[in-house]
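Here is the structure we will look at, set down as structure tokens.
Numbers for residues simply follow the sequence, beginning at 1.
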Amino acid sequence: QVQLVESGGGLVQAGGSLRLSCAASGRTFSNYYMGWFAQAPGKEREFVARITWNAGTTYYAHSVKGRFTISRDNAKNTVYLQMNNLKPEDTAVYYCAGARRGTTISAGYDYWGQGTQVTVSS
């Protein structure tokens, strides 16, 4: 089992920045690919970004590429999502998730956090 706890969400104006954190405990965190997903009201959970176990490769949804950066610190068992130039359409609950393989599909992730709300005002 891997337990994931997100933090860092909040209310920000358009153009602002937030940094989300996801603290992991349980099984060896460094063995897992980590991803971030976003779920807006009335919409399905969507892929945002993922990172390999050794942070060697990252992959982003087209909508956030160039604005968001995913990173991880295996020594601290933490994965981050730096979000810059936020837009109102980024408003959603953001979830971190862990998977044994690299994927952008939510069903491929085995462990999920409880989510953190990000609200971007115009």
Side-chain angles (χ1 to χ4, degrees):
Q1 283 282 359
V2 175
Q3 292 78 42
L4 303 172
V5 179
E6 302 96 334
S7 61
L11 173 64
V12 63
Q13 289 188 333
S17 298
L18 283 175
R19 188 194 196 201
L20 305 184
S21 299
C22 174
S25 61
R27 289 189 173 182
T28 306
F29 170 75
S30 59
N31 289 346
Y32 290 86
Y33 293 78
M34 297 300 295
W36 285 95
F37 288 77
Q39 187 166 20
K43 294 187 177 182
E44 293 187 355
R45 195 169 297 185
E46 296 182 342
F47 169 78
V48 174
R50 67 169 173 86
I51 189 167
T52 53
W53 67 272
N54 62 353
T57 303
T58 56
Y59 186 75
Y60 298 91
H62 178 74
S63 61
V64 307
K65 198 170 185 179
R67 299 188 298 123
F68 290 11
T69 302
I70 187 172
S71 62
R72 68 190 294 166
D73 185 338
N74 287 343
K76 295 183 178 180
N77 285 356
T78 302
V79 62
Y80 306 96
L81 185 68
Q82 177 67 43
M83 305 187 294
N84 297 330
N85 191 21
L86 282 159
K87 303 176 181 180
E89 51 264 42
D90 295 321
T91 295
V93 177
Y94 283 74
Y95 299 88
C96 73
R100 291 179 176 87
R101 298 181 179 181
T103 178
T104 63
I105 306 301
S106 61
Y109 286 78
D110 304 297
Y111 305 104
W112 292 85
Q114 83 291 348
T116 185
Q117 176 71 47
V118 171
T119 303
V120 184
S121 63
S122 57

**Item:** Least distance between heavy atoms, Asn85 atom then Arg67 atom
**Value:** O-NH1, 3.0 Å
**Side-chain donor or acceptor of Thr58 paired with backbone N/O of Ile51 under 3.5 Å** = no
**Prompt:** How about Tyr33 and Arg100: do any of their side-chain heavy atoms sit closer than 4.5 Å?
**Reply:** no
**Item:** For Arg45, the option from Trp112, Tyr109, Tyr94 that meets side chain to side chain contact (heavy atoms under 4.5 Å, CB included)
**Value:** Trp112
**Minimum-distance pair of heavy atoms, taken over all atoms of Ala24 and Leu4** = CB-CD2, 3.6 Å
**Item:** Distance in Å, Tyr60 OH paired with Thr104 OG1, rounded so as to fall on 0.5 Å steps
**Value:** 14.5 Å
**Fill in**
Closest heavy-atom pair, Gly98 versus Met34, reported as atoms and distance to 0.1 Å, is CA-SD, 3.7 Å
**Request:** Give the intermediate values and the outcome of side-chain contact (heavy atoms from CB on, under 4.5 Å) for residues Met83 and Val118.
**Result:** CA-CA 10 Å; Met83 305 187 294; Val118 171; 3.8 Å; yes
**Asked** Is Val79 close to Trp36 at the side-chain level, that is, under 4.5 Å between some pair of heavy atoms?
**Response** yes
**Request:** Any chance you could measure Ser106, atom OG, to Glu44, atom CD, to the nearest 0.5 Å?
**Result:** 8.0 Å
**Asked** Would you say Ile70 and Val48 are hydrophobically clustered, going by side-chain heavy atoms of ILVMFWY under 4.5 Å?
**Response** yes
**Message:** Nearest 0.5 Å, please: how far is OH in Tyr32 from CG in Asp110?
**Reply:** 7.0 Å
**Request:** Answer whether the closest heavy-atom distance between the side chains of Thr91 and Gln117 falls below 4.5 Å.
**Result:** yes
**Fill in**
Note: Ser122 and Ala14 closest approach over all heavy atoms is CA-CB, 4.4 Å
**Prompt:** Does atom OH of Tyr111 have more than 12 heavy-atom neighbours, drawn from other residues, nucleotides or ligands, at distances under 6.0 Å?
**Reply:** yes
**Message:** Using every non-hydrogen atom in the two residues, find where Asn84 and Ser17 come nearest and quote the distance to one decimal.
**Reply:** OD1-OG, 2.9 Å
**Asked** Closest heavy-atom contact between Gly108 and Ala99?
**Response** O-CB, 3.5 Å
**Prompt:** When hydrophobic residues are tied together by side-chain contacts of less than 4.5 Å, even through go-betweens, does Val12 share a cluster with Val93?
**Reply:** no
**Joint cluster assignment, Phe47 & Leu86, ILVMFWY side-chain distance < 4.5 Å** = no
**Item:** Intermediate values then yes/no, side-chain contact (heavy atoms from CB on, under 4.5 Å), Glu6 and Leu20
**Value:** CA-CA 7 Å; Glu6 302 96 334; Leu20 305 184; over 6 Å; no
**Prompt:** Any sub-3.5 Å donor-acceptor pair from Arg72's side-chain atoms to Thr52's backbone N or O?
**Reply:** yes
**Prompt:** Are the side chain of Asn74 and the backbone of Trp53 linked by a donor-acceptor contact shorter than 3.5 Å?
**Reply:** yes
